[in-house]
Amino acid sequence: MQPDELDLSLLRMLIEEPRAGTREYARVLGVARGTVQARLTRLERTEVIATYAPTLRPAALGYAVSAYIHLHLAQGKLDDVVERLRDIPEVLEAFTTTGEADMVCRGVAHDNAHLEDILQRVLAVPGVVRTRTEIALKQRIAPRILPLLQRGHETPHPPQLS
């Protein structure tokens with residue numbers, strides 16, 4: 001589903017003013033409240049809108065260490081490993097990847113000793129052959145989507161051939 005300009009405007013408003021509500025979105029956009037609700041329902045159904053959950057900062061909850069854990073897996077164990085990683089609450093995200101590692105996880109810990117404990121739990125997962133960990137020092141760009149929405153339906157210019 002390709003969002004149109006009204007969808008993009010609505011999505012920008014959801015990001016910039018998430019608590020405004022459908023009545024306010026309708027007023028600002030100059031459309032009926034039912035139109036806004038129908039658009040939101042369609043955007044949810046097509047998974048353009050993944051969640052309405054607030055964005056929480058792990059550091060503010062006492063998880064000051066953020067790390068990227070690169071996992072090397074035994075052949076055929078991906079699904080089993082993913083299910084076991086779900087049981088480790090400090091593993092916040094996991095992505096299968098190309099390159100040297102089979103998977104990269106983002107994890108958080110209270111401190112370095114806690115991170116070592118988490119890494120030992122990850123290594124104990126059947127199918128995990130080895131790991132390599134990188135500690136994130138400081139987040140420079142927070143997760144974002146707004147710049148893509150502000151771009152709208154622009155098409156990038158193809159590279160110029162010399």
Side-chain angles (χ1 to χ4, degrees), residues 1-4 7-8 10-19 21-22 37-156 158-159:
M1 183 218 122
Q2 185 66 32
D4 64 15
D7 292 331
L8 294 172
L10 179 56
L11 291 167
R12 283 191 292 270
M13 289 186 69
L14 279 170
I15 292 168
E16 293 170 344
E17 298 293 333
R19 297 178 68 179
T22 56
Q37 190 57 56
R39 293 293 182 117
L40 289 173
T41 299
R42 182 172 49 82
L43 292 166
E44 293 165 6
R45 188 180 66 249
T46 58
E47 298 181 351
V48 172
I49 297 174
T51 180
Y52 289 99
T55 301
L56 305 179
R57 301 201 188 286
L61 299 171
Y63 294 90
V65 177
S66 181
Y68 292 89
I69 308 162
H70 301 248
L71 281 68
H72 298 262
L73 308 179
Q75 290 288 330
K77 297 295 185 181
L78 176 63
D79 292 337
D80 295 336
V81 168
V82 170
E83 284 309 308
R84 295 290 297 271
L85 289 175
R86 289 183 200 280
D87 295 334
I88 303 174
E90 296 89 350
V91 173
L92 303 183
E93 297 179 281
F95 301 88
T96 50
T97 59
T98 62
E100 187 181 335
D102 299 303
M103 178 179 285
V104 175
C105 300
R106 184 171 71 94
V108 294
H110 296 297
D111 53 32
N112 287 345
H114 185 211
L115 178 60
E116 183 178 8
D117 293 340
I118 294 163
L119 293 173
Q120 292 303 317
R121 285 189 279 160
V122 170
L123 278 167
V125 170
V128 175
V129 175
R130 72 178 193 274
T131 66
R132 181 177 58 83
T133 303
E134 298 166 344
I135 294 176
L137 299 176
K138 182 176 181 180
Q139 184 179 58
R140 301 297 178 155
I141 299 174
R144 62 191 185 144
I145 195 77
L146 191 56
L148 296 177
L149 297 177
Q150 290 169 332
R151 189 172 182 184
H153 288 293
E154 294 175 22
T155 55

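Atom set for the values below is all heavy atoms of this structure, side chains included, hydrogens, waters and symmetry mates excluded.
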* Structure fact -> Hits for salt bridge (Lys or Arg N to Asp or Glu O under 4.0 Å) against Asp102, two or more places apart or cross-chain, chain-then-number order -> none
* Asked: Under a 4.5 Å cut-off applied to non-hydrogen side-chain atoms, are Leu43 and Leu14 in contact?
  -> no
* **Check: Pro126 main-chain N/O paired with Arg84 side-chain donor or acceptor under 3.5 Å** => no
* Test side-chain contact (heavy atoms from CB on, under 4.5 Å) applied to Cys105 and Leu85, step by step -> CA-CA 9 Å; Cys105 300; Leu85 289 175; 3.8 Å; yes
* Kindly write out the residues that satisfy side-chain hydrogen bond (donor to acceptor under 3.5 Å, both in side chains) with Glu16, not counting sequence neighbours, or none if the list is empty. => none
* Do Val108 and Ile118 pass the side-chain contact (heavy atoms from CB on, under 4.5 Å) test, and can you show the C-alpha distance, the side-chain angles, and the key distance before you say yes or no? -> CA-CA 9 Å; Val108 294; Ile118 294 163; over 6 Å; no
* Structure fact -> Across all chains, not counting sequence neighbours, the side-chain hydrogen bond (donor to acceptor under 3.5 Å, both in side chains) partners of Arg86 are Glu83
* **Least distance between heavy atoms, Thr97 atom then Met103 atom** => OG1-N, 3.7 Å
Can you list, pair by pair, the side-chain donor-acceptor contacts under 3.5 Å of residues 55-79, counting residues two or more places apart and other chains?
unit_1: His70; atom_1: ND1; unit_2: Arg132; atom_2: NH2; d: 3.3
unit_1: His70; atom_1: NE2; unit_2: Glu134; atom_2: OE1; d: 3.3
unit_1: His72; atom_1: ND1; unit_2: Glu100; atom_2: O; d: 3.4

* Taking everything shown except Gln139 itself, do over 12 heavy atoms lie less than 6.0 Å from its CD? -> yes
* Could you tell me which residues satisfy side-chain hydrogen bond (donor to acceptor under 3.5 Å, both in side chains) with Thr96, sequence neighbours excluded, listed by chain and number? => none
* Asked: Just how far is it from atom CG of Leu115 to atom CG of Asp111, taken to the nearest 0.5 Å?
  -> 9.0 Å
* Asked: Could you state the interatomic distance from CZ (Arg12) to CD1 (Ile145), rounded to the nearest 0.5 Å?
  -> 12.5 Å
* Asked: Got a sec, which residues hit side-chain hydrogen bond (donor to acceptor under 3.5 Å, both in side chains) with His114, two or more places apart in sequence or on another chain?
  -> Glu90
* Could you give the distance from CZ (Arg39) to CG (Leu11), rounded to the nearest 0.5 Å? -> 10.0 Å
* Return yes when atom CD of Glu17 has more than 12 non-hydrogen atoms of other residues, nucleotides or ligands closer than 6.0 Å, and no otherwise. => no
